[in-house]
Amino acid sequence: QEHLVESGGGLVQAGDSLRLSCAASGRTFSRYAMAWFRQAPGKERDFVAAINWSGNTLYADSVKGRFTISRENAKKTVSLQMNSLKPEDTAVFYCAGQNGDYGYMSYSRQEQYDYWGQGTQVAVSS
């Protein structure tokens with residue numbers, strides 16, 4: 001029922017910043033736990049960051065201190081501010097949502113998400 005659409009990807013140089021956005025079209029966004037995952041070519045989809053309806057966040061170790069996830073419930077959007085980008089960040093970034101909130105222990109697990117966007121490409125050159 002919930003549809004997610006990512007935007008904001010692009011080609012940047014190492015050290016640059018980029019902000020990704022995810023727009024939701026459903027009616028229950030404010031109560032969803034939301035996350036960003038990413039997938040490099042030939043690799044599995046990996047967890048990046050998550051945020052629940054109350055604003056609690058979780059980050060992968062590889063992005064701590066560089067990325068910030070946020071949400072604006074009134075506009076049904078979730079964003080990912082990415083600073084100090086590295087070539088290793090190159091991937092298709094996906095927005096994901098749970099049909100509710102399955103708890104903090106679920107946030108980093110791909111299989112715990114019910115809704116997925118089509119992805120937006122981020123490429124970081126050295």
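Keep in mind that the numbers below use all heavy atoms, side chains included, and drop hydrogens, waters and symmetry copies.
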**Item:** Path from W116 to V92 over hydrophobic side-chain contacts below 4.5 Å
**Value:** yes
**Message:** Under 4.5 Å between side-chain heavy atoms, counting indirect links through other Ile/Leu/Val/Met/Phe/Trp/Tyr residues: same cluster for L18 and I69 or not?
**Reply:** yes
**Asked** When you look at R19 and S79, which way does the side-chain contact (heavy atoms from CB on, under 4.5 Å) test go after all the steps?
**Response** CA-CA 7 Å; R19 186 176 180 87; S79 298; 3.4 Å; yes
**Request:** Report whether L4 and F93 are members of the same hydrophobic cluster (ILVMFWY, side-chain heavy atoms less than 4.5 Å apart, transitive linking).
**Result:** yes
**Asked** In chain order, what residues pass the side-chain contact (heavy atoms from CB on, under 4.5 Å) check against Y102, with sequence neighbours excluded?
**Response** Q98, N99, S106, Q112, D114
**Item:** Hydrophobic cluster identity match, Y94 and Y59, side-chain contacts under 4.5 Å
**Value:** no
**Item:** T77, V78, N73 screened by side chain to side chain contact (heavy atoms under 4.5 Å, CB included) with K75, the one that passes
**Value:** T77
**Message:** Ignoring hydrogens, what is the shortest heavy-atom contact between A24 and E2? Give both atom names and the distance.
**Reply:** CB-OE2, 2.8 Å
**Request:** Might you work through the side-chain contact (heavy atoms from CB on, under 4.5 Å) test for M82 and L20, ending with a clear yes or no?
**Result:** CA-CA 8 Å; M82 305 184 293; L20 306 182; 3.7 Å; yes
**Item:** Minimum heavy-atom distance S84-R66, with the two atoms named
**Value:** O-NH1, 3.0 Å
Below 3.5 Å, can you tabulate the donor-acceptor pairs from side chains in residues 34-51 to any protein atom, sequence neighbours excluded?
unit_1	atom_1	unit_2	atom_2	d
R38	NH1	D89	OD1	2.8
R38	NH2	S62	OG	3.4
Q39	NE2	K43	O	2.9

**Message:** Would you compute the distance between atom OG1 of T57 and atom CZ of R71 and round it to the nearest 0.5 angstrom?
**Reply:** 11.5 Å
**Message:** Distance check, rounded to the nearest 0.5 Å: N83 atom CG versus T68 atom OG1?
**Reply:** 6.5 Å
**Request:** Taking all non-hydrogen atoms of both residues into account, name the closest pair between Q81 and S17 and its distance.
**Result:** NE2-CB, 3.9 Å
**Item:** Presence of salt bridge, E111 and R109, under 4.0 angstrom
**Value:** yes
**Complete:** Residues N52 and S54: closest non-hydrogen pair is OD1-OG, 3.0 Å
Could you go through residues 119-126 and list every donor-acceptor pair under 3.5 Å that involves a side-chain atom there, pairing it with any protein atom two or more places apart or in another chain?
unit_1	atom_1	unit_2	atom_2	d
T120	OG1	G9	N	3.1
Q121	NE2	A91	O	3.2
S125	OG	V12	O	3.4

